Peer 1: 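Here it is, the structure in full.
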Amino acid sequence: MKAVFDDSKPIFQQISEMIANEIVEGELLEGDQIPSTTEISKFYQVNRATVQKGLAALVEAGYVYKQRGVGMFVSKGAKQKLLEKRKEDFYSEYLKPMLEEAKRIEIKKVELLQVIEEDYQDD
């Protein structure tokens, strides 16, 4: 987890995104226990309620589940759900506006594809 917050969005949301990133990147796997709200709040020196709000967002989205008296765990299929959501967000937030601007400034499809082929590298 990164230890620095920025002012671009609320801290609870950044905590939620950091944990989601760990799931997407395979650092947290299905069934893995997530650090407790106390551990996270001490580590980042933030209020426990802030951490709880961030974790609640993950529970609500179905990426994490609570086991009463034990803790929170990564849900089955969480990584796939996160990847699908992020792909949708990528299209709507980045790709669609980029394509609209390309049309506006008269960049041809063949030119875009050429740039993508030259610059994009699969792992």
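Just so you know, these numbers come straight off a predicted model, no measurement behind them.
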Peer 1: Any non-hydrogen side-chain atom of Met18 less than 4.5 Å from a side-chain atom of Phe5?
Peer 2: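 Yes. Closest side-chain heavy atoms under 4.5 Å.
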Peer 1: Taking ILVMFWY side chains as joined if any heavy atoms are under 4.5 angstrom apart, and letting links pass through other members, which residues group with Tyr120?
Peer 2: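 Members besides Tyr120, by chain and number: Ile116.
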Peer 1: Side-chain heavy atoms under 4.5 angstrom apart, residues restricted to Ile, Leu, Val, Met, Phe, Trp, Tyr: same cluster for Ile105 and Leu112?
Peer 2: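 In one cluster: yes.
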Peer 1: Counting only N and O atoms by type, is there a donor-acceptor contact under 3.5 Å from the side chain of Gln45 to the main-chain atoms of Lys42?
Peer 2: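 No, the answer is negative, given that no donor and acceptor are paired below the 3.5 Å cut-off.
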Peer 1: For atom CD of Glu117, decide whether the heavy atoms of other residues, nucleotides or ligands shown that lie under 6.0 angstrom number more than 12.
Peer 2: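 For Glu117, atom CD is not crowded (no more than 12 foreign heavy atoms under 6.0 Å).
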Peer 1: So which atom in Gly77 and which in Glu30 form the shortest heavy-atom distance, rounded to 0.1 Å?
Peer 2: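 Taking every non-hydrogen atom into account, N-OE2, 2.7 Å.
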Peer 1: Quick one: pull up CG in Asp119 and CD in Gln114 and give me the separation to the nearest 0.5 Å.
Peer 2: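 Those atoms lie 10.0 Å apart.
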Peer 1: Would a single hydrophobic cluster contain both Val46 and Phe43, if residues Ile, Leu, Val, Met, Phe, Trp and Tyr are joined by side-chain heavy-atom contacts under 4.5 Å?
Peer 2: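 Yes.
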Peer 1: Salt bridge check, Glu101 against Arg104: does any charged N sit closer than 4.0 Å to a carboxylate O?
Peer 2: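 Judged by the 4.0 Å cut-off on N to carboxylate O distance, Arg104 and Glu101 do form a salt bridge.
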Peer 1: Just one of Lys87, Lys85, Arg86 clears the salt bridge (charged side-chain N to carboxylate O under 4.0 Å, His left out) bar with Asp89, so which one?
Peer 2: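 Filter result, single survivor: Lys85.
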Peer 1: Checking Glu39 side chain against Ser36 main chain: does a donor-acceptor pair fall under 3.5 Å?
Peer 2: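 Answer holds: yes.
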Peer 1: Mark yes when over 12 heavy atoms from residues, nucleotides or ligands other than Glu106 sit less than 6.0 Å from its CD; otherwise mark no.
Peer 2: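 Result for CD/Glu106: open.
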Peer 1: Look at the side-chain heavy atoms of Ile, Leu, Val, Met, Phe, Trp and Tyr, link any pair under 4.5 Å apart, and say whether Leu83 and Val74 land in one connected group.
Peer 2: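 Yes, because Leu83 and Val74 connect within a single hydrophobic cluster, where side-chain heavy atoms sit under 4.5 Å apart.
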Peer 1: Which residue in the set Thr50, Leu55, Ile15, Asn47 passes side chain to side chain contact (heavy atoms under 4.5 Å, CB included) when paired with Thr37?
Peer 2: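 The side chain to side chain contact (heavy atoms under 4.5 Å, CB included) with Thr37 is passed solely by Leu55 among Thr50, Leu55, Ile15, Asn47.
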Peer 1: Can you tell me how far NZ of Lys76 sits from NZ of Lys81, rounded to the nearest 0.5 angstrom?
Peer 2: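 Going from the NZ atom of Lys81 to the NZ atom of Lys76 covers 10.5 Å.
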Peer 1: Who are the side-chain hydrogen bond (donor to acceptor under 3.5 Å, both in side chains) partners of Gln33, not counting sequence neighbours?
Peer 2: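 side-chain hydrogen bond (donor to acceptor under 3.5 Å, both in side chains) check on Gln33 returns nothing, list empty.
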Peer 1: Nearest 0.5 Å, please: how far is CG in Asp32 from CE in Met72?
Peer 2: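 Between Met72 CE and Asp32 CG, I get 15.0 Å after rounding to 0.5 Å.
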Peer 1: What about Tyr44 and Ile19, same hydrophobic cluster or not, with Ile/Leu/Val/Met/Phe/Trp/Tyr joined at side-chain heavy-atom distances under 4.5 Å?
Peer 2: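 Same cluster.
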Peer 1: Can Leu29 be reached from Val64 by stepping across I, L, V, M, F, W or Y side chains whose heavy atoms are under 4.5 Å apart?
Peer 2: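 Shared cluster, no.
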Peer 1: Give me the atom names and distance for the closest heavy-atom approach of Pro97 to Ser92.
Peer 2: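 Residues Pro97 and Ser92, closest heavy atoms: CD-O, 3.4 Å.
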Peer 1: Using modelled atom types only, decide if a donor and an acceptor are shared between the side chain of Gln14 and the backbone of Asp6 within a distance under 3.5 Å.
Peer 2: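 Judged by distance alone, yes, a pair lies under 3.5 Å.
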Peer 1: Please collect all side chain to side chain donor-acceptor pair (under 3.5 Å) contacts where either partner lies in residues 52-65, sequence neighbours excluded, each pair once.
Peer 2: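 Residue pairs with at least one partner in residues 52-65: there are none.
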Peer 1: For the atom pair NZ (Lys109) and NZ (Lys103), what is the distance rounded to the nearest 0.5 Å?
Peer 2: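 If I round to the nearest 0.5 Å, the distance is 10.0 Å.
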Peer 1: Is there a donor-acceptor pair under 3.5 Å between the side chain of Ser75 and the backbone N or O of Gly62?
Peer 2: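 Yes; at least one donor-acceptor contact below 3.5 Å.
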Peer 1: Any chance you could measure Ile23, atom CD1, to Leu58, atom CG, to the nearest 0.5 Å?
Peer 2: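 Taking CD1 in Ile23 and CG in Leu58, the distance rounds to 6.0 Å.
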